[in-house]
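All remarks here apply to the structure that follows.
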Amino acid sequence: LPAKFDWRDKKVVTPVRNQLSCGGCWAFSIVGGIETVYALKGHPLLELSVQQVIDCSPRDYGCNGGSTVSALSWLNEIKVKLVQDSEYPFKAETGTCHHFPNSSFGVSIKGYEAHDFSAQEEEMAQKLMDSGPLAVIVDAVSWQDYQGGIIQHHCSSSEANHAVLITGFDRTGDVPYWIVKNSWGTTWGLDGYVHIKMGANICGIADSVAAVFL
Amino acid sequence: FFFKSYNRTYRQGSEEFHKRYKLFQESLRRHHFLSSSSNATNTATYGINQFSDLSSEEFRTIYLRALPVHVPKYSKPYKSSRKRL
């Protein structure tokens, strides 16, 4: 593994979004991953519709919550084409699912994998480099007050409640850390990102890890 | 400063204003606790942000809505000895 790796350096990560008072973190994390993998395939970096996932994923609850894995399973089974964010913009509330003609532009996934990488964060870092950003579920209770630095304490590895996207890692300092993109706007944390210590499953970051293929 | 920075429009003296002010004070106590880790390598800082006038329960109810799922343990893909060679 290199000492430092961040998909942002390759200009394939879209800007941090703000989910406002919608509990749609699960949709933001997977859409963020799909956007990057689509760009890695040589396409332009596009913002895809989070609202489409919030409104249409049938086994989830829109702004009242959902699961990254069940949403990815739906996207994969139906081969749903995710349209651009500008076509189906974020409204911060659950709405009626809009359908688009088959001929219209959209990005569909070819597959996904979801694994528990606890005690295997080196392998998880390799997966990040091989497959693209990783959608993970963490305990984010203490993140309410986070401003910066590397989180090492005050969260649990058994109470996952918030979905985010890992875009990279940094092992150059005393404390190696994951670079994590959140969906609470750029005024939160480190321009919308948070750093989590690597190697100890802090906040349960390695318990439920999903990668997409396009 | 907080009201200005985060565009809050609670009417001064209102019940809502008092409730939010109390929650803001609670958040200051929480920041103090979270920042008081004795670990020398701890670099995380906690302080005022857009969530400082929310109770912990409100924060959980609004923002922490991901449903956890049990996924299989990762195992490295098997490579035959011929491939490894």
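Chain A is the first sequence line, chain B the second, and so forth, proteins listed ahead of strands; every chain is numbered from 1. Predicted model, so just to flag it, every value in this text is computed and none were measured.
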For the pair Phe117(A) and Lys73(B), evaluate side-chain contact (heavy atoms from CB on, under 4.5 Å) and give the outcome as yes or no after the intermediate values. CA-CA 6 Å; Phe117(A) 278 90; Lys73(B) 190 92 183 140; over 6 Å; no

[X] atom [atom1], over 12 foreign heavy atoms within 6.0 Å:
X         : atom1 : result
Phe3(B)   : CZ    : yes
Lys110(A) : NZ    : no
Lys91(A)  : NZ    : yes
Arg8(A)   : CZ    : yes
Glu15(B)  : CD    : no
Asp130(A) : CG    : yes

Please state whether the rings of Tyr46(B) and Tyr146(A) are parallel, tilted or perpendicular, taking 30° and 60° as the class boundaries.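 Perpendicular: the ring planes of Tyr46(B) and Tyr146(A) meet at over 60°.
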
If you round to the nearest 0.5 Å, how far is [atom2] of [Y] from [atom1] of [X]?
X        : Y         : atom1 : atom2 : result
Asp60(A) : Leu67(B)  : CG    : CG    : 7.0 Å
Leu64(B) : Asp139(A) : CG    : CG    : 8.0 Å
Arg65(B) : Asn64(A)  : CZ    : CG    : 5.0 Å
Phe59(B) : Asp145(A) : CZ    : CG    : 8.0 Å
Ser21(A) : Glu58(B)  : OG    : CD    : 11.5 Å

If you apply the rule side-chain contact (heavy atoms from CB on, under 4.5 Å), what do you find for Asn49(B) with Trp184(A), and how did you get there? CA-CA 11 Å; Asn49(B) 64 20; Trp184(A) 294 343; over 6 Å; no

Members of residues 21-30 of chain B whose heavy atoms come closer than 4.5 Å to chain A: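 So far as heavy atoms go, Ser27(B), Arg30(B) are the residues that approach chain A to under 4.5 Å.
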
Answer with yes or no after comparing the ring centroid distance for Tyr6(B) and Trp188(A) against a 6.0 Å cut-off, counting only values under it.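 Centroid separation for Tyr6(B) and Trp188(A): 6.0 Å or greater.
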
Assert yes or no for the condition that the ring centre distance of Phe51(B) to Trp143(A) is strictly below 6.0 Å.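 Ring centroids of Phe51(B) and Trp143(A) are no less than 6.0 Å from each other.
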
Return the option, out of [options], with the maximum number of heavy-atom pairs under 4.5 Å with chain B.
options                                   : answer
Gly66(A), Ser183(A), Gly23(A)             : Gly66(A)
Gln19(A), His162(A), Gln152(A)            : Gln152(A)
Cys63(A), Ala163(A), Ala114(A), Ala160(A) : Ala114(A)
Gly24(A), Gly204(A), Ser67(A), Gly185(A)  : Ser67(A)

Side chain / backbone / both / neither for [X] at chain B, heavy atoms under 4.5 Å:
X         : value
Ser70(A)  : neither
Val141(A) : both
Ile150(A) : both
Asp207(A) : backbone
Gln144(A) : both

Can a donor-acceptor pair be found, under 3.5 Å and without considering hydrogens, that links the side chain of His154(A) to the backbone of Leu34(B)?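 Answer holds: yes.
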
Which is it for Val71(B) and Val69(A) under the side-chain contact (heavy atoms from CB on, under 4.5 Å) test, yes or no, and what are the steps along the way? CA-CA 9 Å; Val71(B) 292; Val69(A) 175; 4.1 Å; yes

Hey, which of Ser56(B), Gly47(B), Pro68(B) has the most heavy atom pairs under 4.5 Å with chain A?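 Result: the option with the highest number of such pairs is Gly47(B).
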
What are the residues of residues 120-127 of chain A, in order of number, with any heavy atom under 4.5 angstrom from a heavy atom of chain B?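 Contacts with chain B: Gln120(A), Glu123(A), Lys127(A).
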
